[in-house]
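Since this is a predicted model, take the numbers as computed values, not measurements.
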Amino acid sequence: MVELDIDGQKVEITEGSMIMHAAEKCGTYIPHFCYHKKLSIAANCRMCLVDVEKAPKPMPACATPVTQGMIVRTKSDKAIKAQQSVMEFLLINHPLDCPICDQGGECQLQDLAVGYGKSSSRYDEEKRVVANKNVGPLISMEEMSRCIHCTRCVRFGQEVAGAMELGMSHRGEHAEIETVVGETIDSELSGNMIDICPVGALTSKPFRYSARTWELSRRKSVSPHDSTGANLIVQVKNNAVMRVVPLENEAVNECWIADRDRFSYEALNGEDRLKAPMLKQGGEWKEVDWQTALEYVANGLKQIKADIGASAIGALLSPHSTLEELYLATQLVRGLGSDNVDARLRNAEFGKPEGVRYLGTSIASLSSLQSALIVGSNLRKDHPLFAQRIRQSARKGCAVSAINSVAYDWAMPVANSITVPAAHWAQALADVATAVAAENGVQAPAISVRAEPVEALRQAQGERGEAAQRIAKSLLKGERKAILLGNAAAHHANASSLLALANWIGQQTGATVGYLTEAANTVGAQLVGAQPIMGGKTAAQMQSGMKALILLGTEPEHDTAAKAAVQADMVVTLSPFKTNMAFSDVLLPVSPFTETAGTFINAEGRIQSFHGVVKPLGETRPGWKVLRVLGNMLGVPGFEFETAQEVAAKALNGDTEFVNASKLSNATSAAIDLSKAAGEPATATLYQLDSLTRRSPALQATADANAGSKVGMLEEVAA
């Protein structure tokens with residue numbers, strides 16, 4: 001540790017730290033633009049010049065290492081004059097755009113100019129002008145004359161997103177931040193460049209000229225998309241969501257969010273919103289009141305139960321629904337006497353419930369892994385924020401290995417890779433297990449049935465065997481390691497064997513084993529029993545042959561493995577959108593996450609509750625309220641809830657911040673069988689994951705949406 005003096009205050013800090021770090025520790029603010037706590041130090045802007053005793057000139061606080069006994073003055077005349085001079089230079093070419101700039105009101109340059117700028121400029125030469133650039137549908141670079149060349153956006157791309165999509169060309173007053181040869185910015189994390197830009201050079205294209213920052217109310221929420229559970233600040237004006245930005249939470253999303261968390265709000269205000277209950281009468285859709293719609297549903301379910309039996313009734317539940325909605329939907333169906341309820345919409349294998357599958361470790365620990373094996377995942381596109389954490393580990397030397405049917409570009413070094421068709425993932429994982437057994441001098445795991453390799457695979461076995469040995473050796477090194485099963489592994493026709501093999505390897509190597517989990521509430525759905533537990537029909541079986549089917553937030557043609565319309569005599573859709581109209585009989589408008597209170601449980605089992613940030617649109621009602629009323633009308637006991645908090649308390653049974661560890665388990669009793677036939681698993685691409693992302697115009701205009709799952713692929717193996 002090193003002790004130094006900052007403005008008369010003694011500070012102890014780790015040797016090698018910079019003055020800026022010491023100032024942050026003691027609560028002393030030093031003005032800056034280019035410095036960002038999550039990015040490398042560039043020392044571009046010089047706004048953080050401070051007075052260091054015995055130094056001949058002011059020194060940049062962000063790039064000056066601390067020394068024992070150092071005396072720093074941040075508010076001396078020498079420091080203040082240096083900072084004022086830097087501000088004068090920064091403003092020489094800056095346009096007077098504040099009245100129309102989207103950054104106005106939350107602009108670092110604007111704020112610091114008040115304290116360090118002058119009321120007039122000594123320069124009367126013409127200001128430089130930088131041509132605008134079109135870099136895609138998400139980020140606006142219309143006013144790059146405002147850029148102060150802090151290079152935060154450049155460093156973010158290199159260090160966090162993993163792809164250097166922006167860079168600085170030319171020199172001096174001709175220097176510009178731009179893409180290469182007019183390319184677009186296609187990173188799935190690109191919107192964070194807007195947040196870290198200290199001026200109005202990079203702004204949100206969908207939000208552009210929509211509102212002034214001081215007109216917006218700021219309300220906390222949680223992302224309803226992937227299993228990170230990113231914390232959000234939703235900004236609202238006139239009861240409409242205008243913008244979404246990250247809420248910092250180091251344990252979950254740090255200070256970043258994925259683009260689908262940021263821009264999917266466009267769907268909330270779209271023309272596709274369902275604003276009132278609708279009934280199909282004589283083949284035509286008509287708006288009705290809630291009483292009529294609910295009575296139709298209740299009477300229909302009662303009639304089917306009386307005529308055929310409760311086993312003819314089922315429910316397909318979206319794992320993007322809130323915990324309260326999932327709990328009440330399962331209780332409603334089971335209260336009617338049916339076990340036909342499932343949220344495993346894309347699964348191809350439906351084993352018996354053996355525990356709540358989860359990440360197997362904390363999200364924060366992904367940033368400090370020494371070895372990682374990822375099976376069946378396009379990590380970068382499926383879980384952008386998990387990918388950036390593992391990217392941090394890779395930058396520190398973590399050996400990242402992958403088993404996939406496609407060699408994806410994860411924008412990080414992949415040390416070892418086995419690329420085989422999905423049907424042979426279990427065999428590839430068995431090869432790794434065999435290599436681990438040889439290294440440890442133990443017997444390889446028992447395999448009940450072994451597949452006969454196809455000719456193409458037999459020819460590749462030598463190369464694959466070498467890769468398996470390298471993966472095994474990497475997993476045996478270090479202390480912090482993880483085996484992570486992705487969405488495709490979870491939806492695999494031989495998912496149980498993949499998990500059994502992963503568990504065996506984990507036990508032998510000391511690695512944690514877990515699922516990345518697909519949706520915001522995949523863990524929550526398992527926790528409340530949103531899957532058959534007494535022999536009921538699975539999601540695949542319920543797509544046809546049912547008499548009555550309830551679809552909670554589910555669009556079968558997008559969300560299920562079959563990707564086909566359901567077939568049932570009576571289909572009830574609960575959704576914020578006009579959807580499933582070709583085969584539904586009733587549409588009930590339920591609130592999206594911004595219009596209801598609810599709870600999501602992320603991949604690590606963290607329980608995060610939130611409140612609605614705007615009033616429900618039109619006749620829309622929170623889903624938990626609709627299900628509660630249906631339960632009352634059907635006479636199902638235990639539906640006397642008054643608030644969403646009461647429902648959550650019942651569903652969680654005493655758990656508060658995290659799901660009780662005794663309920664979380666990735667253990668399996670399944671035998672390892674390598675002979676099961678398996679095609680490519682059903683997975684969703686980046687901007688087809690859920691109903692919100694599918695309806696965001698900006699997201700659907702991106703390269704990822706247009707190219708679908710092919711974006712980010714380096715190589716594909718034919719099945």
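Interatomic distance, CG of Asn580 versus CG of Leu549, reported as 10.0 Å (0.5 Å rounding). Between the CG atom in Asn249 and the CD1 atom in Ile257 there is a gap of 13.0 Å [rounded to 0.5 Å]. To the nearest 0.5 angstrom, Arg334 atom CZ is 9.5 Å from Asn340 atom CG. Summarising the geometry, atom CD belonging to Glu680 is positioned 3.5 Å from atom OG belonging to Ser405; distances are rounded to the nearest 0.5 Å. Atom-to-atom distance recorded for Trp290:CH2 and Leu588:CG is 5.0 Å, nearest 0.5 angstrom. Note that CE of Met542 is 5.0 Å distant from CG of Leu316, once rounded to the nearest 0.5 Å.
Under the 3.5 Å distance criterion, the side-chain polar atoms of Asn503 are matched with a main-chain donor or acceptor of Asn666. With hydrogens and angles disregarded, a donor-acceptor distance shorter than 3.5 Å links the side chain of Gln700 to the backbone of Thr693. Of the possible donor and acceptor atoms, one in the side chain of Arg357 sits under 3.5 Å from a partner among the backbone N and O of Ala667. With Thr554 contributing its side chain and Leu552 its backbone, the two residues share a donor-acceptor pair below 3.5 Å. Using modelled atom types, one side-chain atom of Ser318 and one backbone atom of His320 make a donor-acceptor pair closer than 3.5 Å. Between the side chain of Lys563 and the backbone N or O of His558 there is at least one donor-acceptor pair closer than 3.5 Å. Between the Thr509 side chain and the Ile505 main chain, a donor and an acceptor come within less than 3.5 Å of each other. The backbone N or O of Thr538 sits nowhere less than 3.5 Å from a side-chain atom of Asp342 that would complete a donor-acceptor pair. The main-chain N or O of Arg344 is never found under 3.5 Å from a side-chain atom of Gln531 such that the two would form a donor-acceptor pair. Side-chain N or O atoms of Lys280 include one that pairs as donor or acceptor with a backbone N or O of Met581 at under 3.5 Å.
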Original post:
Can you check side chain to side chain contact (heavy atoms under 4.5 Å, CB included) on Trp425 and Asn494, steps first, answer last?
Top reply: CA-CA 9 Å; Trp425 288 353; Asn494 203 1; over 6 Å; no

**OP:** Test Leu359 against Leu484 for side chain to side chain contact (heavy atoms under 4.5 Å, CB included), laying out the working first.
**Re:** CA-CA 7 Å; Leu359 188 62; Leu484 301 169; 3.9 Å; yes

**OP:** Output, in order, the C-alpha distance, side-chain angles, deciding distance and verdict of side chain to side chain contact (heavy atoms under 4.5 Å, CB included) for Asp382 and Asp226.
**Re:** CA-CA 8 Å; Asp382 292 346; Asp226 63 38; over 6 Å; no

Subject >> Pair Asn253-Ile363, side chain to side chain contact (heavy atoms under 4.5 Å, CB included): steps then yes or no >> reply: CA-CA 9 Å; Asn253 56 296; Ile363 290 174; over 6 Å; no

**OP:** Given side-chain hydrogen bond (donor to acceptor under 3.5 Å, both in side chains), test Ser584 with Thr573 step by step and report yes or no.
**Re:** CA-CA 7 Å; Ser584 292; Thr573 293; 2.7 Å; yes

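Counting only N and O atoms by type, the side chains of Ser691 and Glu555 include no donor and acceptor under 3.5 Å apart. Side-chain contact annotation: Gln303 with Asp307, donor-acceptor N/O pair under 3.5 Å present. Counted by atom type alone, Thr517 and Ser227 present one or more donor-acceptor pairs between their side chains at under 3.5 Å. Between the side chains of Asp431 and Gln427, at least one donor N or O sits under 3.5 Å from an acceptor N or O.
When side chains are defined from C-beta on, Ser575 does not count as touching Leu587, because their heavy atoms never get closer than 4.5 Å. Side-chain contact between Lys305 and Lys547 is absent, with no heavy-atom pair separated by less than 4.5 Å. Side-chain contact between Phe641 and Leu328 is present, with heavy atoms from C-beta onward closer than 4.5 Å. Looking at Phe658 and Asp655, their side chains never come closer than 4.5 Å, going by heavy atoms from C-beta outward. A 4.5 Å side-chain heavy-atom check between Asp569 and Asp585 finds every atom pair outside the cut-off. Using a 4.5 Å heavy-atom threshold, the side chains of Glu325 and Asn521 count as separate. Looking only at side-chain heavy atoms (C-beta outward), Phe583 and Glu557 come within less than 4.5 Å of each other. For the pair Thr599 and Glu324, the minimum side-chain heavy-atom distance is below 4.5 Å.
In this structure, Arg380 is not positioned above the aromatic face of Tyr408 in the sense of NZ or CZ being under 6.0 Å from the six-membered ring centre and within 45° of the axis.
Annotation for Ile483 and Ala511: closest pair CG1-CB, 4.1 Å, computed over non-hydrogen atoms. The nearest pair of heavy atoms linking Ala298 to Leu634 is O-CD2, 3.5 Å. Across all their heavy atoms, Ala482 and Leu475 have their closest contact at O-CD2, 4.5 Å. For the residue pair Ala276 and Glu619, the shortest heavy atom distance occurs at CA-CB, 3.9 Å. The minimum heavy-atom distance linking Pro277 with Ala293 is given by the pair CB-CB, 3.7 Å. Residues Val252 and Gly229 approach most closely at CG1-O, 3.5 Å, considering heavy atoms.
Taking 4.0 Å as the cut-off between side-chain N and carboxylate O, Arg260 and Asp690 do not count as a salt-bridged pair.
Put simply, the residue from Arg621, Lys625, Arg273, Lys275 that forms a salt bridge (Lys or Arg N to Asp or Glu O under 4.0 Å) with Glu595 is Arg273. Among Met633, Met570, Lys302, the one residue that satisfies the side-chain contact (heavy atoms from CB on, under 4.5 Å) test with Val297 is Met570.
The aromatic rings of His225 and Phe593 sit perpendicular to each other, their planes meeting at more than 60°, with 30° as the lower class boundary.
Counting non-hydrogen atoms of neighbouring residues, nucleotides and ligands closer than 6.0 angstrom, the NZ atom of Lys663 exceeds 12 such neighbours.
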